[in-house]
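Here is the structure we will look at, set down as structure tokens.
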Amino acid sequence: MSLYAAIDLHSSNSVLAVMDGEGKALLQCRRPNDLPRLLADLAPYRNDLVGVAVESTYNWYWLVDGLIDHGYAVHLVNTTAIPQYDGLKHGDDHSDALHLAQLMRLGLLPEGYIYPREQRATRDLLRRRFALVRQAVQLMLSIQSSFSRNTGQQLSGNALRQLKPTQLEALFPDLATRYGVLIQFKLWLSLQEQIGALEHWVRKDLLRPDLLQRLQSVPGIGPILSMTILLESGASERFASVGDYASYCRMVESVRLSNGKRKGTGNRKCGNRYLCWAYMEAANYAVRYHPSIRRWYERKRARKHRVVAIKAVAHKLARACYHMLHEGTAFDPTRAFG
């Protein structure tokens, strides 16, 4: 008889459930996050298991990789698309785990992508750069705010980058203010150094550096955005169509319709926020510096809101990049924007 297992993974423990082909629960238990212990629980059912569904929001690497290494067919649950129980009077972790096994038994389990281990750490490293850049920008804005508050003037980003710690004394005569700004300035310099080192590491660790030049031929896409698109997209073959890729990049409208009328919005969080950011950044640059893209944008802008028009350009760029990665073609602005 075919069996179905599911693990509801938490920060310190996991809830395991095993169900038979008729929907009957054979095992329900809570275990600490210990791979040998979970493998021991699954061992009696191993030969009949169709697969193991794992639901987790962030800490699944160790479990999914461990199960795969021991020969289990693992299905990573798409947590943003999982349907919830309706009408239950009581629900807990055990019922959630059984629900996952039931969905897999019925062939209704929404699955996420298990990113290959070879480039997973490199992709995560580039995501850390994203967080470091945001921290650096916050420090820069704080320094600029202090300067404006104490002098009534403005300090541009370029002027700040050219400053040296010794020059802060003239800009901030008050000792306490200068001390606070100096701390932020040194942190900002340290972040800039680490960001540069991180970018160098990611660039040399890419498995397909040849694809970077192809992506950088697209207007608005430079070294950082090309690395982001390459690593976040993964293998283009995992998308059944260019429409699926555009949806994954959050370029498709999220709306619910009934009888031709709008009844609300869909799941806006389903997709990759880093790809969405990358294509929106590229679109904002492209409409400023590429003539044919700017003309297309202006025509769209005449009929739609600016944000909608920019999103439409980003959508076009995402579709173009999919074809470039999937088919090995070069960027053709005429094909993309007419």
Side-chain angles (χ1 to χ4, degrees), residues 5-7 9 14 33 35 38-39 42 49-82 100 104 109-131 198-216 221 223-251 269-279 318-319 321-329:
I7 299 176
L9 178 61
S14 305
N33 284 345
L35 183 60
L38 292 170
L39 290 173
L42 289 171
L49 277 178
V50 173
V52 181
V54 176
E55 182 183 30
S56 171
T57 55
Y58 71 98
N59 60 332
W60 55 267
Y61 290 179
W62 67 275
L63 179 57
V64 168
D65 292 343
L67 291 172
I68 292 176
D69 288 341
H70 285 81
Y72 288 95
V74 181
H75 305 271
L76 183 64
V77 179
N78 183 355
T79 55
T80 61
I82 191 74
L100 296 174
M104 183 165 55
L109 184 71
E111 296 187 37
Y113 179 59
I114 300 177
Y115 200 95
R117 274 180 273 185
E118 294 78 12
Q119 288 278 268
R120 189 190 298 159
T122 306
R123 180 203 62 176
D124 291 350
L125 193 60
L126 194 59
R127 290 182 176 183
R128 282 174 173 78
R129 177 201 174 273
F130 187 84
L198 188 151
E199 292 171 358
H200 177 72
W201 181 289
V202 172
R203 191 175 293 109
K204 73 175 184 178
D205 203 38
L206 288 172
L207 290 180
R208 293 291 307 275
D210 56 301
L211 295 179
L212 291 181
Q213 294 299 322
R214 187 179 300 166
L215 288 172
Q216 289 176 33
I221 297 181
I224 300 302
L225 294 186
S226 62
M227 289 191 292
T228 300
I229 291 170
L230 184 60
L231 287 169
E232 294 294 342
S233 298
S236 60
E237 294 78 13
R238 68 189 180 103
F239 300 101
S241 67
V242 64
D244 290 332
Y245 179 72
S247 177
Y248 181 68
C249 298
R250 298 186 180 182
M251 295 294 138
K269 292 184 177 181
C270 193
N272 189 304
R273 67 186 183 101
Y274 298 99
L275 283 173
C276 180
W277 165 79
Y279 286 120
R319 296 176 71 91
C321 288
Y322 170 82
H323 289 297
M324 293 169 65
L325 295 173
H326 187 65
E327 302 168 5
T329 56

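Here the structure is a predicted model, which is why all the values come from computation and not from measurement.
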- Task: Answer yes or no: is there a side-chain heavy-atom contact under 4.5 Å between Leu231 and Gln119?
- Result: yes
- Tested for side-chain contact (heavy atoms from CB on, under 4.5 Å) against Val64, the lone hit among Asp69, Ile7, Ile114 is Ile114
- Item | Nearest atoms (heavy-atom pairs only) where Pro223 meets Gln216 | CA-NE2, 3.6 Å
- Can you name the residues that form a salt bridge (Lys or Arg N to Asp or Glu O under 4.0 Å) with Arg203, not counting sequence neighbours? none
- Query: Are Arg117 and Tyr61 in a cation-pi contact, defined as NZ or CZ under 6.0 Å from the six-membered ring centre and within 45° of the axis?
  - Reply: no
- Contacts of Arg273 that satisfy side chain to side chain donor-acceptor pair (under 3.5 Å) - sequence neighbours left out: none
- Message: Rounded to the nearest 0.5 Å, what separates atom CG in Leu207 from atom CD in Glu118?
- Response: 7.0 Å
- Message: Return the CZ to CG distance between Arg208 and Leu211, rounded to the nearest 0.5 Å.
- Response: 4.0 Å
- Item | Test item: Asp205 and Leu125 side chains (from C-beta on) under 4.5 Å apart, heavy atoms | no
- Task: Would you check if Trp277 and Thr228 make a side-chain contact, meaning some heavy-atom pair closer than 4.5 Å?
- Result: yes
- Heavy-atom closest contact (Cys249 atom, Tyr279 atom, distance): SG-CE1, 3.7 Å
- What do you reckon, is CH2 of Trp201 surrounded by more than 12 foreign heavy atoms closer than 6.0 Å? no
- Item | Thr79 side, atom OG1; Leu9 side, atom CG - distance, nearest 0.5 Å | 11.5 Å
- Could you state the interatomic distance from CZ (Arg250) to CG (Leu275), rounded to the nearest 0.5 Å? 10.0 Å
- Close side-chain approach of Glu111 and Leu76, heavy atoms under 4.5 Å: no
- Query: Tell me, do Val77 and Val54 make a side-chain contact under 4.5 Å, heavy atoms counted?
  - Reply: no
- Note on the structure: CG (Leu230) and CG (Leu206) are apart, to the nearest 0.5 Å, by 6.0 Å
- Item | side-chain hydrogen bond (donor to acceptor under 3.5 Å, both in side chains) evaluation trace for Asn78 with Thr80 | CA-CA 6 Å; Asn78 183 355; Thr80 61; 2.8 Å; yes
- Task: Taking Tyr115 for its side chain and Ala121 for its backbone only, find out whether a donor-acceptor pair lies under 3.5 Å.
- Result: no
- Item | Contact summary for Leu35 and Gly66, nearest pair of heavy atoms | CD2-CA, 3.7 Å
- Task: Examine distances only and state if a side-chain atom of Trp60 and a backbone atom of Thr57 form a donor-acceptor pair shorter than 3.5 Å.
- Result: no
- Closest non-hydrogen atoms of Leu109 and His75, given as atom of the first, atom of the second and distance, are CD2-CB, 4.0 Å
- Message: Closer than 4.0 angstrom, basic N to acidic O: yes or no for Arg129 and Asp124?
- Response: no
- Candidate pair Tyr245 and Ser233, rule side-chain hydrogen bond (donor to acceptor under 3.5 Å, both in side chains), full reasoning: CA-CA 8 Å; Tyr245 179 72; Ser233 298; 2.7 Å; yes
- Task: Give every residue pair that meets the salt bridge (Lys or Arg N to Asp or Glu O under 4.0 Å) criterion with at least one member in residues 223-236, sequence neighbours excluded.
- Result: Arg127-Glu232
- Query: Do the side chains of Leu39 and His70 get nearer than 4.5 Å, heavy atoms only?
  - Reply: yes
- Item | Step-by-step side-chain contact (heavy atoms from CB on, under 4.5 Å) determination, Met227 to Leu212 | CA-CA 7 Å; Met227 289 191 292; Leu212 291 181; 3.8 Å; yes
- Item | Which atom of Ser236 lies closest to which atom of Leu325, heavy atoms considered | OG-O, 3.8 Å
- Closest heavy-atom contact between Ala246 and Arg319? CB-CG, 4.5 Å
- Check whether any side-chain N or O of Arg238 sits under 3.5 Å from a backbone N or O of Tyr113 as a donor-acceptor pair, and report yes or no. no
- Does any non-hydrogen side-chain atom of Cys321 lie less than 4.5 Å from one of Leu215? yes
- Task: Look up atom CZ in Phe239 and atom OH in Tyr322, then write down how far apart they are to the nearest 0.5 Å.
- Result: 8.5 Å
- Task: Quick one: do Ser247 and Asp244 satisfy side-chain hydrogen bond (donor to acceptor under 3.5 Å, both in side chains)? Show the steps, please.
- Result: CA-CA 5 Å; Ser247 177; Asp244 290 332; over 6 Å; no
- Are any of the side-chain heavy atoms of Val74 and Leu63 separated by less than 4.5 Å? no
